[in-house]
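Accompanying notes for the structure given below.
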Amino acid sequence: MSLPLPPPLSRPRPRPGFRSRYGVLAAALALGAGLFVAAERANAAETLLSQGKPATASSTESSSYAAAYAVDGDTTSTRWASAEGHDPEWLTIDLGATYAISRVKLYWEAAYAAAYQVQTSADGASWTTIHTTSQGDGGTDDRAGLSGTGRYVRVLGTARGTSYGYSLYEVQVYGEAGSTPSPSPSVTPTAGPVDYQAEDATLSQAAVATNHTGYTGTGFVDYAAVTGGYVEWTVNAAAAGNATLSLRYANGKTTDRPVDIAVNGAVVARPAFPATGGWDTWTTVDVVAALPSGTSKVRATAANTVDGPNLDKLTVTPGGTASPSPSPSSSPSPSSSPTQGGAFTVVAAGDIAAQCTASSSSCAHPKTAAQVQAINPEFVVTMGDNQYDDGTIDDFRKYYATTWGKFKDKTHPSAGNHESYDPAGFEAGYKSYFGAIAFPNGKSWYSFDRGNWHFIALDSNIFDQTAQINWLKADLAATTKGCVAAYWHHPLFSSGEHGNDPVSRPVWQILYDAKADLVLNGHDHHYERFAPQNPSGQADANGLVELLGGMGGADPYTIENVQPNSQFRLSGTYGVVKLAFTDSTYSWQLIGTDGKVKDSSPTYTCH
């Protein structure tokens with residue numbers, strides 16, 4: 001798209017009566033000056049303001065696609081890319097001062113926006129839309145003739161043009177810069193309330209909707225009907241201290257829809273969100289929490305399967321009396337409330353996408369994916385080797401994305417050894433494909449909660465790194481949940497071709513000491529379940545139950561050496577594990593690609 005040419009300059013009219021040669025000279029000088037000023041103004045309107053300025057984004061696919069790459073001046077190679085498969089996403093540029101914005105030029109990569117808005121803001125919190133389109137077709141969008149003022153410029157993608165995310169090689173913002181502007185107030189520090197709209201948030205098992213009225217931004221958050229969907233805002237504080245977090249919500253049902261409010265990963269409160277009398281009737285719930293100076297993550301997580309309320313925005317106001325830390329009474333123990341959080345279903349598998357497609361009758365991962373779809377679990381966990389042979393981004397997109405990628409938004413993956421073989425770098429394709437889903441805190445290990453369960457995803461490729469081990473110990477010490485499940489790729493115990501892998505023993509010991517309950521592994525391409533045992537392989541009622549589920553689609557392995565405490569083994573059968581969780585128990589079934597149950601576990605009670 002090309003830049004429209006400015007209108008032709010008109011000749012200044014001479015004043016009546018000026019007919020002397022001096023008058024003609026003066027008129028000529030005036031004409032020249034007029035042309036010079038007009039040209040100077042035209043050039044000023046074309047001043048590039050954005051290059052090299054600070055940029056932030058709602059998410060990044062990986063560190064290789066950071067927001068800063070969208071303002072580095074390279075329009076063909078380096079780029080920002082958001083997490084895949086999610087709407088909305090945004091990129092914001094801080095121009096450093098207030099300008100009159102006249103033009104924004106967008107250089108899209110293949111992952112473009114079919115619908116997006118260009119917005120300006122004085123403070124980085126309240127936004128004005130100066131351009132919107134629902135006819136995006138990728139390539140280069142040159143949006144000239146804009147009229148807006150602000151220090152911050154945001155490109156807000158509301159509908160993806162592909163199944164991937166949003167990706168921009170470059171964003172160029174032009175505006176008036178004829179004189180040195182006075183710096184406008186920064187988003188931090190702030191002395192008053194700051195709004196963070198629904199469309200500003202990172203979402204999981206939730207979406208921005210517009211099917212009700214009364215919201216203040218471009219939409220509101222509508223949670224999926226599952227436990228654990230969340231909304232996360234990045235907020236700013238000028239100085240460490242208490243802040244009041246006000247959530248504007250609507251609840252058109254008659255039942256409460258509680259939400260866990262966490263700051264930087266630590267739950268600070270579980271307030272009630274009672275009925276408001278209708279989905280178009282909005283009110284607020286306030287929580288006071290301590291915020292550190294600078295940037296923090298505030299997350300609102302649905303605490304039951306009914307789903308959360310509709311959330312319009314978060315308002316952060318400095319000050320307030322801190323709410324007490326959540327105590328066991330705020331989250332009843334399993335014994336006092338057996339159905340707290342409700343029952344939920346999870347599907348698990350490892351060793352999934354071979355380099356084949358459904359066009360081949362022997363290709364298994366389309367068939368195991370069909371079982372995931374039929375089960376329709378609350379979420380999916382993977383135990384590594386998601387993509388063969390080397391876990392490259394091209395193979396992820398060609399194979400995994402076409403089958404198991406359908407469930408990407410509700411998948412909590414872990415990495416396997418085949419992800420580490422990528423010629424582009426250690427786990428590069430895995431990072432590029434899953435992005436923030438697999439690296440929510442910038443690391444390949446993370447945890448999350450559902451009901452009374454605490455789930456931990458680990459990276460057994462790097463169990464020798466103390467950072468992960470230290471994090472695991474701290475994470476286990478911090479959880480208040482009554483049941484714990486952990487999953488990774490390499491099993492400590494296996495009767496298959498790979499056999500026992502001692503790399504996992506220190507992690508087993510840590511989990512055993514913390515009275516964890518369940519371990520899920522892959523690596524060996526068969527199915528196997530073990531009775532509770534300790535890290536030394538001795539039967540132990542207080543030990544961990546191990547489930548090996550490496551038959552998601554890769555070529556099957558044989559059973560080589562049956563291990564003590566192995567209760568059931570099956571080789572040569574592809575399938576997925578369907579796990580049933582309550583607040584105090586767990587069990588599972590192996591579901592074959594024919595939809596039939598191949599094995600059923602005992603029902604275990606959490607320690």
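The structure presented is a predicted model; accordingly, all values stated were derived computationally and were not measured. What you see below is based on every heavy atom in this structure, not just the backbone, and it leaves out hydrogens, waters and symmetry mates. All residue numbers refer to positions in the sequence shown, counting from 1.
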Q.
The criterion is salt bridge (charged side-chain N to carboxylate O under 4.0 Å, His left out); which residues satisfy it with Asp200, sequence neighbours excluded?
A. Arg154

Q) Is the charged tip of Arg103 near the ring of Tyr174: under 6.0 Å from the six-membered ring centre and within 45° of its axis? A) yes

Q. Given Asp141, which of Tyr116, Tyr112, Tyr107 fulfils the side-chain contact (heavy atoms from CB on, under 4.5 Å) condition?
A. Tyr116

Q. Can you name the nearest heavy-atom pair linking Asp524 to Leu548, along with the distance?
A. O-CD2, 3.1 Å

Q: Determine, for Phe220 and Lys313, whether the Lys NZ or Arg CZ falls below 6.0 Å from the six-membered ring centre while staying within 45 degrees of the axis.
A: no

Q: Tell me whether the centres of the aromatic rings in Phe379 and Phe407 are closer together than 6.0 Å.
A: no

Q: Could you tell me whether the side chains of Asp395 and Gln355 share a donor-acceptor contact shorter than 3.5 Å?
A: yes

Q. Is any side-chain N of the basic residue among Lys53 and Asp94 closer than 4.0 Å to the acidic one's carboxylate O?
A. no

Q) What pairs of residues pass the salt bridge (charged side-chain N to carboxylate O under 4.0 Å, His left out) test when at least one of them lies in residues 158-168, not counting sequence neighbours? A) Asp87-Arg160

Q) Using 4.0 Å as the upper bound for N to carboxylate O, is an ion pair formed by Arg450 and Glu378? A) yes

Q | Candidate pair Gln197 and Thr216, rule side chain to side chain donor-acceptor pair (under 3.5 Å), full reasoning | A | CA-CA 8 Å; Gln197 296 289 347; Thr216 58; 3.1 Å; yes

Q: If the plane angle is over 60° it's perpendicular, under 30° parallel, otherwise tilted; pick one for Trp488 and Phe463.
A: perpendicular

Q: Can you spot which of His525, His523, Met551 makes a side-chain contact (heavy atoms from CB on, under 4.5 Å) with Tyr557?
A: His525

**Q.** Candidate list Tyr446, Phe434, Phe455, test side-chain contact (heavy atoms from CB on, under 4.5 Å), partner His412, passing option
**A.** Tyr446

Q: Compute both the distance and the angle, then confirm whether Arg397 meets the cation-pi test with Tyr433: under 6.0 Å from the six-membered ring centre, within 45 degrees of the axis.
A: no

